[in-house]
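Working notes, structure below.
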Amino acid sequence: MTKPLVRHPITLTPLSPIHIGSGDDLDWTRAVPDPKRHELMVFDPLSVRLPDAALRALETAAARQGMGAIFELQRVLKANVQHLRTGEIGRIELTTGEHERILQSFGANAQAGQWGAGQVASQIAISRHALTPEGRPYVPGSSLKGALRTAEVAKRDAAGNRAAPPSPRPDQKDPSDRLLGAVDAEGRKRFHASPFARLFVSDLLPAGAWSGLVAEVRNHKRAPVAGPATASISVRVELIPPFVPGALRGDIREHRQRGGTDRGRAFLLLADLLRTTHDFHRRLFDFFAGELQKAERGLPPEWIRAVRELLADEALASAIREGRAALVRLGRFGSAESKTVEWRAVRIPQAARTGGQQFVLHPYTLWLADLGPH
């Protein structure tokens, strides 16, 4: 008898940092650096109990004009870190470089007049990761399911388009749904007909005692640019740290019960899907290994070599062949190649203004996280 719902426990081990944003940004009104530890203390301003002297100092600082008010408010907070702990709601680990940069800028001793309008270095601005109610980073099931779906759609698209030149997008609407059978010939939605309607991916929740990490992420040009070098764009984000074995756990459930119009319909077996996913993302890894070395600040070759050795491990290679393991790329900085159908060009609207092509097979930049010398 066929089980209607088959559950497969899954484990995720990050090989590189992962950031999946929640839309929430931390600033200096809700977080202060711990001078003794490489951590940022996050607090709830409404739960903080400050002494009367500190409250009067805040009122005086707020009455100042312009940047002077910001610097004075930060000095008051810095002087009352011990009292801010009454409203502490969590801590975030900082890389050594980030801790030094934030400490140097937060509550700076420089006079406000020494800073220009675009040099507000004392601002803490951190894009927060998607968090559990306990404040720990996790991977939403929709992120993983999206990566699995992209790999399957790319496989089906490539099967019928390898001989065709790359195009901005197919002529018909909803190409991905059409390839999966979720849109009929008349363009009507048939989501129940998609094999992914039968696949349920849970959120991957943190396992173990690891914590989120804050680091600076920079946008690097993939190819050297002639003329004066321009500064790369950088943002400060909260990350799931790399190299934590089995850091996140969840499950994937397959609905296998047949009935009604489902009779005779093929099911998308998880083992086949994982093999497809690994093939798709392994090709991406091989592609990016070359791209990273060409970037204006290449990744240390030790990381690429370590991942190659891991993928060559016989036990893991056997699990990959059997559809029990797969390499997969997740997160905000995963690059368009990881999220688009193969053989379809990526549209970059701003490229026309800078002399580039609007439709390209690969974007012009990539993102690298600065985790320090190690």
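Everything numeric here is computed off the predicted structure, so don't read it as measured data. Side chains are part of it too, since the values below use all heavy atoms of this structure and drop only hydrogens, waters and symmetry mates. If you read the sequence from its start, that first residue is 1, and numbering goes on from there.
With a 4.5 Å cut-off on side-chain heavy atoms, Leu327 and Leu15 count as touching. Using a 4.5 Å heavy-atom cutoff, the side chains of Val6 and His8 are in contact. Using a 4.5 Å heavy-atom threshold, the side chains of Val32 and Lys78 count as separate. Within the 4.5 Å cutoff, no side-chain heavy atoms of Leu131 are placed close to those of Asp24. Leu273 places a side-chain heavy atom less than 4.5 Å from the side chain of Leu199. A heavy-atom distance below 4.5 Å is found between the side chains of Leu84 and Leu50. The shortest side-chain heavy-atom distance between Ile10 and Leu144 falls under the 4.5 Å cut-off. Under the 4.5 Å side-chain criterion, counting only non-hydrogen atoms from C-beta, Leu371 is in contact with Pro242.
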Exercise. Would you please test Ile92 and His129 for side chain to side chain contact (heavy atoms under 4.5 Å, CB included) and show each step?
Key: CA-CA 11 Å; Ile92 307 174; His129 198 284; over 6 Å; no
Self-check item: Worked verdict on Arg236 versus Ile126 for side chain to side chain contact (heavy atoms under 4.5 Å, CB included)
Solution: CA-CA 5 Å; Arg236 194 177 280 147; Ile126 299 170; 3.6 Å; yes
Exercise. Could you walk me through whether Arg329 and Ser335 pass the side chain to side chain contact (heavy atoms under 4.5 Å, CB included) test, one step at a time?
Key: CA-CA 9 Å; Arg329 197 163 190 211; Ser335 233; 3.8 Å; yes
Practice problem: For the pair Thr86 and Phe43, evaluate side chain to side chain contact (heavy atoms under 4.5 Å, CB included) and give the outcome as yes or no after the intermediate values. | Solution: CA-CA 8 Å; Thr86 59; Phe43 61 90; over 6 Å; no
Practice problem: Evaluate salt bridge (Lys or Arg N to Asp or Glu O under 4.0 Å) for Arg75 paired with Glu72, printing each intermediate quantity in order. | Solution: CA-CA 5 Å; Arg75 290 192 186 99; Glu72 195 59 40; 3.4 Å; yes
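No donor-acceptor pair under 3.5 Å is formed between the side chain of Arg332 and the backbone N or O of His19. Looking only at distances, a side-chain donor or acceptor of Thr95 sits under 3.5 Å from a matching main-chain atom of Glu98. Not one N or O on the side chain of His220 forms a donor-acceptor pair closer than 3.5 Å with the backbone of Leu366. A distance-only check finds a donor-acceptor pair linking the side chain of Ser202 to the backbone of Asp251 [under 3.5 Å]. No side-chain donor-acceptor contact under 3.5 Å links Trp210 to the backbone of Pro241. At distances below 3.5 Å, at least one donor-acceptor pair connects side-chain atoms of Asp313 with backbone N or O atoms of Leu316. Although no hydrogens or angles enter the test, the distance criterion places a donor-acceptor pair under 3.5 Å between the side chain of His99 and the main chain of Asp34. With Asp27 contributing its side chain and Thr29 its backbone, the two residues share a donor-acceptor pair below 3.5 Å. The closest donor-acceptor contact from the side chain of Ser318 to the backbone of Ala315 lies at 3.5 Å or more, if one exists at all.
Here the NZ-CZ distance, from Lys145 to Phe200, works out to 7.0 Å after rounding to the nearest 0.5 Å. In this structure, Leu26 CG and Arg128 CZ are separated by 4.5 Å, a value rounded to the nearest 0.5 Å. Residue Leu269 holds its CG atom at 9.0 Å from CZ of Arg275, rounded to the nearest 0.5 Å. Taking CG of Leu213 as the start and CD of Glu93 as the end, the distance is 5.5 Å to the nearest 0.5 Å. Distance check: Leu148 CG to Ser143 OG gives 11.0 Å after rounding to the nearest 0.5 Å. Distance check, rounded to the nearest 0.5 Å: CZ of Arg156 to CD of Glu152 gives 4.0 Å.
Between Asp286 and Arg282 there is a salt bridge, since at least one side-chain N of the basic residue sits less than 4.0 Å from a carboxylate O of the acidic one. Between Lys155 and Asp272 no salt bridge is recorded (no basic side-chain N to carboxylate O distance below 4.0 Å).
When all heavy atoms of Phe196 and Arg149 are compared, the closest pair comes out as CZ-CA, 3.4 Å. Shown here for His281 and Ser338, the closest heavy-atom pair between the two residues is CE1-O, 4.4 Å. Annotation for Pro17 and Ala369: closest pair CG-CB, 4.0 Å, computed over non-hydrogen atoms. For the residue pair Pro14 and Val244, the shortest heavy atom distance occurs at CD-O, 3.6 Å. Taking all atoms of both residues into account, the shortest heavy-atom contact from Leu274 to Gly323 is CD1-O, 3.2 Å. Closest heavy-atom contact between Leu270 and Glu254: N-OE2, 3.1 Å.
The ring-ring contact (aromatic ring centres under 6.0 Å, His included) test applied to Trp367 returns Phe333, not counting sequence neighbours. A search for salt bridge (Lys or Arg N to Asp or Glu O under 4.0 Å) contacts involving Glu314 returns Arg321, not counting sequence neighbours.
Under the salt bridge (charged side-chain N to carboxylate O under 4.0 Å, His left out) criterion, the residue pairs touching residues 39-52 are Arg37-Glu39, Glu39-Arg91, with sequence neighbours excluded.
The local environment of CZ in Arg253 is crowded, with over 12 non-hydrogen atoms from other residues, nucleotides or ligands closer than 6.0 Å.
In summary, of the residues considered (Asp25, Asn219, Val217), a side chain to side chain contact (heavy atoms under 4.5 Å, CB included) with Val235 occurs for Val217 alone.
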